[in-house]
Amino acid sequence: MKTTPIKDEKLQKALARLGLGSRRQMEIVIQEGRVSVNGQIAKIGDRVGQSDEIRVDGRQLRYTAENEKRRRILMYYKPEGEICSSHDPKGRPTVFERLPPLSHDRWVMVGRLDINSTGLLLFTNDGELAHRLMHPSNEVEREYAVRVMGDVTTEILHNLTKGVELDDGLAKFDDIVEKGGEGINKWYQVKLKEGRNREVRRLFESQGLKVSRLLRVRYGTVSLPRELRTGRYIELDRSEIDKLANLVKLRPRHIAGLNTEAKRRKERLEKKPLKARRVHRSRKTD
């Protein structure tokens, strides 16, 4: 008797998990007719499995069933001067250049830091996890150490925790604590549950203050280790990954025979010179 192949999951979920965008974004891509399954234009709600050929904008994807793919997360200490992009037309160094290569997979960056900011960046091969960690509705807390130039008065502290109207809406810190410093430069520890563009800097700038240094020290349940040096990374072990996934209501993914990361918890890459950068030409469009 001929058996029908098992269809593992809905197409939009599979595309999101592969790191192409959120489920909602993938639904739009499907509606636009940009996705095909086995040569046929796909529709929302289609289910896919290991035997299916999936293409987005003509590019074939390598599908791996959710229960077969090991969830991986790196914590990376971003140095100043690197940009949060996979490619840069200006030839500047990017945060992806020091990451370990993946076979038939890709690293998805969780949140961003501007070129002048440093500290914790997370990367994962699970697109669904990345998008949940970044989505405002999940209110994943970020924590920063910030050096501020100027007089931070009691009134300013009140404004920053009650809410300030920025160009893209109301913003505030959930907590702000002075951590010392000398002269006009003071350090503050701030916490917030959003990741809008340059939000920490813009909040202080709205009060006539200037941020001279900004370091992200925590994202959700993951804190930047003191022993981790700039430009290096550590791969999280299974228990740390499970905590982060649980924070955004994703089930743990345990795969027999692949739990080797706990043994390599402290493994790091030696800092090495960046390879000569290639010039990436954008494709011509009609």
- Salt-bridge criterion met for E27 and R23 (N-O under 4.0 Å): no
- So does R72 pair up with D105, basic N to acidic O under 4.0 Å? no
- Which heavy atom of L160 sits nearest a heavy atom of L203, and at what distance? CD2-O, 3.4 Å
- Item | Residues forming a ring pair (Phe, Tyr, Trp, His ring centres under 6.0 Å) with Y77, sequence neighbours excluded | none
- Qualifying residues under side-chain hydrogen bond (donor to acceptor under 3.5 Å, both in side chains), relative to R213, sequence neighbours excluded: none
- Task: Identify which one of I83, L121, L113 satisfies the side chain to side chain contact (heavy atoms under 4.5 Å, CB included) criterion when paired with V95.
- Result: L121
- Message: If the condition is side-chain hydrogen bond (donor to acceptor under 3.5 Å, both in side chains), which residues does Q12 pass it with, not counting sequence neighbours?
- Response: none
- Message: I'd like to know if E143 and R218 make a salt bridge, using a cut-off of under 4.0 Å between side-chain N and carboxylate O.
- Response: yes
- Query: So, D237 and S239: side-chain donor and acceptor under 3.5 Å apart, yes or no?
  - Reply: yes
- Any pair with a residue in residues 25-54 that passes ring-ring contact (aromatic ring centres under 6.0 Å, His included), sequence neighbours left out, goes on the list, sorted by first then second residue, please. none
- Task: Please round to the nearest 0.5 Å and tell me the distance separating atom CD1 of I241 and atom OG1 of T124.
- Result: 7.5 Å
- Query: Just how far is it from atom CZ of R98 to atom OG1 of T230, taken to the nearest 0.5 Å?
  - Reply: 7.5 Å
- In chain order, what residues pass the side-chain hydrogen bond (donor to acceptor under 3.5 Å, both in side chains) check against E53, with sequence neighbours excluded? R55
- R232 to Y76 - nearest heavy-atom pair and separation: O-CD1, 3.3 Å
- Under 4.0 Å between a Lys/Arg side-chain N and an Asp/Glu carboxylate O for D57 and R34? yes
- Task: Give a yes or no answer on whether the side chain of E32 reaches the backbone of V29 with a donor-acceptor pair at less than 3.5 Å.
- Result: no
- Message: For residues 146-196, which residue pairs pass the ring-ring contact (aromatic ring centres under 6.0 Å, His included) check, not counting sequence neighbours?
- Response: F173-F204
